[in-house]
Structures are given as structure tokens and as C-alpha cells.
Amino acid sequence: MQLEVPEGYRPQDAGSLPAYLAEQPELRSALGGAPEAWTVEEVGDGNLNLVFKVRGPAGGLAVKQALPYVRLVGESWPLPLSRAHYEHLALSQEARHAPGLVPAVRHYDETLALIAMELLEPHIILRQGMIAGTRYPRFVEDITTFTANTLFHTSDLALTAAAKKDLVAAFAGNSALCKITEDLIFTEPYMIADNNRWTSPQLDPYAARLREDGDLKVAISRLKLRFLGDAQALIHGDLHTGSIMVTESDTRVIDPEFAFMGPMGFDLGALVANLLLNYFSQDGHEERPGARDDYRAWVLETTRGVWASFGEKFLALWRGAAAAGDGYPAALFQGPLGAARLDQERKAYLDRLYRDTLGFAAAKMIRRIVGLAHNIDLEWIEDPERRARCEARALTLAREMMVNPGAFPSIGDVAEAAAELRGWVPKLG
Ligand code: SR1
Ligand code: MG
């Protein structure tokens with residue numbers, strides 16, 4: 001297959017990158033000294049791109065470059081370089097609405113599909129920290145500031161219709177990345193597809209049941225429809241624990257290349273899903289039975305905290321001066337009665353968003369167990385029986401969350417159900 005790349009594009013490597021960076025005066029001075037003295041490490045462990053850490057005597061940079069294909073699969077799966085443009089655009093929107101919670105961009109090159117950012121050190125990827133059993137005391141506070149602000153300020157609650165439509169237009173071209181999500185999350189796990197894989201034979205009966213479950217297929221199709229058609233806010237689009245870098249005192253959201261105007265619950269669901277997957281995976285990582293009980297409790301507390309704190313912050317924004325959007329016109333809610341009615345509706349809006357969050361979370365849990373791209377939380381469990389037990393519990397909870405969200409009136413009910421499932425010994429194939 002012929003990969004289409006613009007003239008002037010070439011993938012960088014440790015040999016070529018210093019010379020390129022040295023041509024950019026700001027980057028050269030940020031690194032300091034001579035390019036020959038800079039060290040370059042390719043550290044990309046994601047599914048799509050090249051990522052370099054570059055260090056010089058004066059400081060470091062993180063350099064991300066899009067490849068014209070899906071790195072995980074190879075050149076047989078072309079993918080447009082324009083995703084770097086959308087990532088750059090999303091980073092600038094996010095920096096505006098959630099300052100200090102994304103990496104600072106130092107340089108962007110559209111032709112090379114390359115973004116140079118501040119090097120986040122000593123941050124690590126949240127997923128890796130959680131697999132190691134590390135607590136992050138700032139995480140709930142920071143991630144809910146990020147989600148509440150980015151989602152609220154790019155929605156019809158804050159924007160005029162014209163400004164909102166400008167945002168829809170600005171991100172409408174990111175369709176190839178959306179298509180990945182449409183296929184890998186909302187379609188393929190529920191059918192026979194070449195991309196699918198799971199812990200086999202242990203999970204064979206679970207994967208087969210997904211393909212035979214009419215209620216589940218209706219539920220996932222309704223969610224897909226929302227993803228296709230509900231331009232509710234600018235969403236990150238891939239907000240799993242691998243897209244968040246942390247220290248105990250700092251949190252940064254990275255990698256918004258899947259950003260577009262979509263349903264808010266998709267981002268919130270990604271967080272909930274990845275926390276729950278980590279929760280279920282802890283059985284595979286604990287040093288001796290019970291050693292991670294406290295940590296498991298922290299993961300569930302964090303899951304509860306994410307929803308609860310997001311809801312409080314989102315409501316506060318909606319009750320404040322920033323709620324100047326064309327949704328819910330102030331003229332319709334005048335006087336104390338109007339104000340009370342609007343406040344009731346704000347809570348109803350959040351209830352609907354909670355349901356969306358459960359559904360999207362479930363979709364994301366299922367895709368990481370039977371679809372193409374899995375999570376290392378589970379993948380790093382070497383013993384397939386042990387891994388499959390964790391995965392079967394996660395799949396069982398996810399199926400209920402998607403088909404029967406009413407059984408989980410609060411996020412505490414989800415946490416309780418997860419804790420109960422831990423005591424269940426699944427029958428494996
Ligand atoms: C083919 S890309 C697979 C996955 O990697 C990204 O992180 C997204 O989650 C995408 O679905
Ligand atoms: Mg990513």
C-alpha cells in the first residue's frame with residue numbers, strides 16, 4: 001500500500017533529530033550547548049507515534065512525531081499525519097481551559113507532523129504507577145479540574161452557537177482517528193474481526209457470548225450513535241491512564257490526538273474504565289494474597305472521587321458567570337422559580353451524563369479485553385488463568401453497566417459491584 005506523505009515529511013530518528021532541533025532557535029537554547037552533546041532516546045510505547053526524549057546541558061524536550069501508519073500494526077494500516085494538527089489544536093484549547101494540566105508546547109511543525117513539548121520529569125505514565133501500586137494524592141483533584149473545565153467551556157453551556165460551530169468545524173476533519181474508535185470500540189468486539197484477540201482458550205466462551213448478546217449489541221450501537229452524532233463538547237478522545245502523566249504532586253494530560261467534538265461521557269467513561277480495569281488487574285500483580293488490599297481500596301475510592309468531584313466542579317461552573325452559552329437561555333429561567341427549575345435540570349443533566357459515563361466505560365473495558373489494543377495492567381499478568389479470571393470479572397461488570405445502568409444508581413454502586421465480583425471465581429474455557 002502506498003503511504004501518502006507531504007513533501008518534506010520524513011520520520012525522525014536519533015541521528016536526524018538533533019540537527020532539526022538545532023535549526024529552531026528557541027529549542028536550541030532550551031537544550032543548550034552543541035547538538036552533538038544532546039542525547040536522544042526513542043521512548044514511544046503507544047500504538048501510533050514516535051516519541052523522543054531529548055536532553056541537553058540546559059534542559060530537555062519531549063518530541064512527538066506522527067507516523068503515516070499505525071505503529072502497532074505497521075505500514076499496512078495507513079493513518080493520516082493530520083492527527084498531529086488536531087493534537088496541537090486540542091492542546092492549545094486544553095491549555096486555555098485547564099492551565100497547568102497539559103504539557104507546554106514549545107514548537108509545532110505541520111509538515112513533519114511533529115510537536116516539541118516540555119519534558120515532563122520525573123513524571124511517569126499513570127498506568128505504570130498504578131500497576132506498581134503507587135498512590136497519587138493529587139490525581140482526583142487535577143483530573144476533575146481538567147475534565148470539568150475542558151468539557152464545560154467547550155459546550156453549549158458556555159459557548160455561543162457560532163463559537164461552538166467553529167469548534168465543530170475545526171475538529172471535523174479528525175475523522176480517521178474517530179473511525180479507529182468507531183471500529184475498535186463500538187463494533188469489532190461484538191463480531192468476528194481479524195483485529196480481535198483475547199486470552200484464549202480461557203475467555204473463548206466470554207468472547208462468544210459478546211457476539212450473541214442482542215441486548216448488548218443494541219446498547220453498544222446506541223452508544224456508537226452518540227459518539228457519531230453528539231457534538232456535546234471538545235473531548236480528549238482517548239483519556240485512559242496511559243494518556244496521563246503524574247508525580248505525587250502534579251498531573252498532566254497528554255496525547256489528545258483523538259480529540260473532536262463528541263459526547264462528554266466518552267472521556268469520563270475512559271477514566272472510570274481504566275481505573276476499574278486496574279482494580280481488577282491488581283489480583284495479578286500483588287506480591288502475596290491481600291498485599292494490595294489497601295491499594296485496591298484506593299483505586300475504588302479514586303473511581304468514586306473522579307465522578308463525585310467532576311460533578312461538583314461541573315455544577316459550580318454551570319452556576320457561575322461562565323455559563324453564558326446558548327444552551328438553556330437565561331431569559332427562560334428568570335426569577336426564583338426559574339432559577340430553581342434550572343438547578344433541577346442541571347442535576348438531571350448530570351444524571352444523564354452519569355449514565356453515559358457508565359455505558360462508555362463499559363465499552364472501553366470490553367474493547368481492552370477482546371479487541372485489538374489491550375492494557376498492560378492486564379497484559380502484564382503472565383499466568384493466563386490468573387489473567388483470564390481478572391478479565392472475566394471486568395467483562396461481567398462491564399456487560400451489566402452497559403445493558404443495565406439502572407442497577408448502578410451511584411458510582412458507589414459500581415465500586416461495590418466491582419468489589420463483590422472479586423470474590424467470584426469465574427468458570428473459564
Ligand atoms: C490502532 S490504535 C489502537 C488504540 O490506540 C490508541 O491509544 C487508542 O486507544 C486506539 O483505540
Ligand atoms: Mg495515545
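Atoms within a ligand are numbered from 1 in the order they appear, just like the ligands themselves.
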Pairwise, report which nitrogen or oxygen atoms of ligand 1 are under 3.5 angstrom from protein nitrogen or oxygen atoms, and how far apart they are.
| unit_1 | atom_1 | unit_2 | atom_2 | d |
| --- | --- | --- | --- | --- |
| ligand 1 | 5 (O) | Asn47 | ND2 | 2.7 |
| ligand 1 | 7 (O) | Asp238 | OD2 | 2.8 |
| ligand 1 | 9 (O) | Asp238 | OD1 | 2.8 |
| ligand 1 | 9 (O) | Asp238 | OD2 | 3.3 |
| ligand 1 | 9 (O) | Arg368 | NH2 | 3.0 |
| ligand 1 | 11 (O) | Arg367 | NH2 | 2.6 |

field: Those residues that, when tested against Arg352, pass salt bridge (charged side-chain N to carboxylate O under 4.0 Å, His left out) (two or more places apart)
entry: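 With sequence neighbours excluded, Arg352 shows a salt bridge (charged side-chain N to carboxylate O under 4.0 Å, His left out) to Glu345, given in chain and number order.
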Residue pairs involving residues 121-132 (criterion side-chain hydrogen bond (donor to acceptor under 3.5 Å, both in side chains); sequence neighbours excluded): Arg55-Glu121, His123-Asp250, Arg127-His240, Arg127-Thr241, Arg127-Asn274, Arg127-Asp377
- request: State, to 0.1 Å, how close Asn47 and Val70 come at their nearest heavy-atom pair, and which atoms those are.
  value: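 So the minimum-distance heavy-atom pair works out to O-CG1, 3.7 Å.
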task: For the residue pair Gln282 and Arg296, confirm or rule out a side-chain donor-acceptor distance under 3.5 Å.
output: no
field: Any side-chain donor near an acceptor of the partner, Gln93 and Thr154, under 3.5 Å
entry: no
Which atom pairs, one a donor and one an acceptor, fall under 3.5 Å between side chains of residues 422-429 and the rest of the protein, sequence neighbours left out?
| unit_1 | atom_1 | unit_2 | atom_2 | d |
| --- | --- | --- | --- | --- |
| Arg422 | NE | Asp283 | OD1 | 2.9 |
| Arg422 | NE | Asp283 | OD2 | 3.4 |
| Arg422 | NH2 | Asp283 | OD1 | 3.2 |

